[in-house]
Colleague: 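The structure under discussion is supplied below as structure tokens; questions concerning it will follow.
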Amino acid sequence: NLLRNNGVKSFAALAAMARPSIQAILNKGGSRFQVANPETWAEQAALAAANRWADLRRLQDELDAGVRRV
């Protein structure tokens with residue numbers, strides 16, 4: 001797992017990261033990972049870390065490939 005190999009060992013750790021830091025890890029992973037958009041990853045991870053699974057599901061239902069629909 002790319003995130004785990006780069007020190008992100010929990011939802012709480014991911015939730016505390018800024019988007020540029022997440023993107024830097026994805027960039028290090030090569031072209032396969034560079035297509036991912038981590039715009040809402042920290043927000044989703046914060047909900048998971050807080051065991052707010054229903055809220056996470058509602059948020060994910062509003063997203064398109066992890067990105068807010070315009």
Side-chain angles (χ1 to χ4, degrees):
N1 180 305
L2 181 64
L3 292 173
R4 187 169 299 272
N5 291 341
N6 282 276
V8 184
K9 308 272 188 218
S10 67
F11 288 128
L14 182 57
M17 294 180 70
R19 182 179 177 191
S21 298
I22 301 169
Q23 189 64 59
I25 292 172
L26 294 173
N27 291 346
K28 283 178 24 180
S31 60
R32 181 175 121 185
F33 295 98
Q34 291 172 2
V35 296
N37 183 337
E39 177 183 323
T40 63
W41 289 16
E43 182 180 1
Q44 292 181 68
L47 292 171
N51 271 338
R52 293 175 53 194
W53 302 109
D55 292 332
L56 176 59
R57 173 55 51 202
R58 277 190 289 280
L59 173 60
Q60 290 173 336
D61 287 345
E62 297 172 7
L63 302 175
D64 185 12
V67 178
R68 283 192 167 76
R69 296 180 188 123
V70 179

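In this text the structure is predicted, and so the values were computed from the model without any measurement.
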Colleague: Between Thr40 (side chain) and Glu43 (backbone), is there a donor-acceptor pair under 3.5 Å?
Modeller: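 Flag not set: sc Thr40 to bb Glu43 has no pair under 3.5 Å.
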
Colleague: Measure the shortest side-chain to side-chain distance between Gln23 and Asn27 over non-hydrogen atoms and say whether it is less than 4.5 angstrom.
Modeller: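 In short, these two side chains touch, coming nearer than 4.5 Å.
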
Colleague: Hey, are the side chains of Arg69 and Leu63 touching, using non-hydrogen atoms and a 4.5 Å cut-off?
Modeller: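 No. Closest side-chain heavy atoms not under 4.5 Å.
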
Colleague: Do Arg19 and Asn37 come within less than 4.5 Å of each other through their side chains, counting heavy atoms only?
Modeller: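 Yes, side chains in contact.
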
Colleague: Is the shortest heavy-atom distance from the side chain of Glu39 to the side chain of Ile22 under 4.5 Å?
Modeller: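 Contact flag for Glu39/Ile22 side chains = no.
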
Colleague: Would you mind reporting whether Trp41 and Leu26 have side-chain heavy atoms less than 4.5 Å apart?
Modeller: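 Result yes, sub-4.5 Å side-chain heavy-atom pair found.
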
Colleague: With no hydrogens and no angle check, do the side chains of Trp53 and Asp55 hold a donor and an acceptor under 3.5 Å apart?
Modeller: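 Absent: no donor and acceptor within the cut-off.
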
Colleague: Specify the closest pair of heavy atoms between Ala49 and Ala12, including all atoms of both residues, with the distance to one decimal.
Modeller: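 Result for this residue pair: CB-N, 3.7 Å.
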
Colleague: Should Leu14 and Leu59 be counted in the same cluster of Ile, Leu, Val, Met, Phe, Trp and Tyr side chains packed under 4.5 Å apart?
Modeller: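 They do not share one cluster, since no chain of ILVMFWY contacts under 4.5 Å joins Leu14 to Leu59.
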
Colleague: Hey, could you give me the CD/CZ distance between Glu62 and Arg57, rounded to the nearest 0.5 Å?
Modeller: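 Reported to 0.5 Å precision, the distance equals 12.0 Å.
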
Colleague: If you measure from CG on Leu3 to CE on Met17, what distance do you get to the nearest 0.5 Å?
Modeller: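 One finds 7.0 Å between CG of Leu3 and CE of Met17.
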
